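Working notes for the structure below.
Here the structure is a predicted model, which is why all the values come from computation and not from measurement. The figures here come from the full heavy-atom set of this structure, side chains too, leaving out hydrogens, waters and symmetry mates. Here is how names work: the chains are called A, B, and so on, in the same order as the sequence lines, proteins then strands, and each is numbered from 1.
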Amino acid sequence: MKALVYVTLKPDVLDPQGKAIVRASAQLGYDAVKAVRQGKLFELELDAADEAAARRLLDEFSDKLLANPVIEDYRVVTIEP
Amino acid sequence: MLAVVQFPGSNDDRDMRFAFKAVLGAEARLVFHKASELPPDTRGVVIPGGFSYGDYLRCGAMAQYSPIMAAVKRFADAGGPVLGVCNGFQVLCESGLLPGALVRNHGLHFICEFVHVRVERAAAPFTSRVAAGDVLRIPIKHGEGCYYAEPGLLDELEQGGQIVLRYCEVDGSVSAAANPNGSVANVAGVRSARGNVMGLMPHPEHAVEPAFGGSDGIAILGSFADAVRSAV
């Protein structure tokens with residue numbers, strides 16, 4: 001199966017990279033870009049029996065390694081056969 | 001004996017051993033991360049700075065699952081003293097041995113410079129050679145040294161006396177201008193609730209001889225060496 005997991009900094013953790021991107025946007029004339037939060041997207045290939053099993057595995061794995069729960073949130077975006 | 005853990009990408013491991021052996025006369029040995037046990041005569045553990053596993057994923061994220069870290073956790077759980085510097089601090093936070101986390105510097109730049117830190121708590125095994133209020137001049141060199149603790153946790157750390165060092169001015173006053181990386185409450189070093197694990201971003205091992213530009217790092221490493229000697 002294939003899955004996408006999206007990891008972002010928690011809303012109350014400052015994201016200086018996102019802020020730098022907003023500043024660059026303004027310099028390029030994209031004043032419409034008001035805020036940016038930078039995250040990470042992981043593409044995974046899994047050996048899982050079904051979607052429920054894949055989700056259990058992804059929750060455990062994301063908590064343990066892909067995200068640091070102290071500063072980050074994760075979201076399983078898609079699970080595909 | 002002090003065990004200095006070596007991960008792939010550690011680069012202050014030998015500096016740390018030099019500081020303990022050559023400057024402080026303490027026994028210190030490098031221990032490779034693939035070892036599943038610490039040497040039996042280990043009385044203290046140091047996780048040095050560097051870029052373990054190339055800082056892939058997050059700083060310290062991969063190193064927390066190296067075989068040696070299970071042994072380091074057992075050692076800490078049994079009350080053994082553990083010191084983490086820079087990347088070592090990040091590894092200890094990732095592994096849950098210390099509270100909070102370290103994130104990208106507020107100003108995004110990698111910073112390499114001497115800073116001043118104020119001792120908030122003077123106690124063995126990390127700061128017995130200094131007094132609360134003392135100001136130390138020690139260098140930092142990091143890109144991800146901004147200490148983060150959510151507000152509730154920060155209160156807990158303040159009340160529990162777990163904040164050991166704060167970035168400060170030369171006169172010891174704590175100001176936003178003296179905060180190099182955006183760390184919450186100017187935190188430069190914290191210890192565990194039990195007090196036997198400490199992490200700090202400044203590098204005491206890079207300030208152990210006048211030729212290094214200063215020797216204030218001895219205050220911290222010397223305290224640790226004293227504690228390890230008395231534990232034998």
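Between chain B and the options A:Val7, A:Asp15, A:Leu65, A:Asp12, heavy-atom pairs under 4.5 Å are most frequent for A:Leu65. Highest contact tally toward chain B, considering only A:Leu66, A:Leu9, A:Leu14, is held by A:Leu66 [criterion: heavy-atom pairs under 4.5 Å].
Residue-environment remark: CG (A:Asp47) stays at or below the threshold of 12 foreign heavy atoms within 6.0 Å. More than 12 heavy-atom neighbours from other residues, nucleotides or ligands sit within 6.0 angstrom of CZ on B:Phe110. A 6.0 Å sphere centred on CZ of A:Arg37 holds more than 12 heavy atoms belonging to other residues, nucleotides or ligands. For B:Phe114, the CZ atom sits in a packed shell: over 12 heavy atoms of surrounding residues, nucleotides or ligands are nearer than 6.0 Å. Within a 6.0 Å sphere centred on CD of A:Glu43, heavy atoms belonging to other residues, nucleotides or ligands number 12 at most.
Taking NZ of A:Lys64 as the reference point, atom CD of B:Gln64 lies at 9.0 Å (rounded to 0.5 Å). Between atom CD1 of residue A:Ile71 and atom SG of residue B:Cys146 there is a gap of 10.0 Å, rounded to the nearest 0.5 Å.
A donor-acceptor contact shorter than 3.5 Å is absent between the side chain of A:Lys19 and the backbone of B:His106.
The shortest non-hydrogen separation linking A:Pro16 to B:Leu108 is O-CD1, 3.6 Å. When all heavy atoms are compared, the tightest approach of B:Ala101 to A:Val70 is CB-CG1, 3.9 Å.
Proximity of B:Arg104 to A:Gln38: side-chain heavy atoms (C-beta onward) are nowhere separated by under 4.5 Å.
Between B:Glu150 and A:Lys10 there is no salt bridge, since no side-chain N of the basic residue sits under 4.0 Å from a carboxylate O of the acidic one.
If you measure heavy-atom distances from A:Glu72 to chain B, the contacts under 4.5 Å come from the side chain alone.
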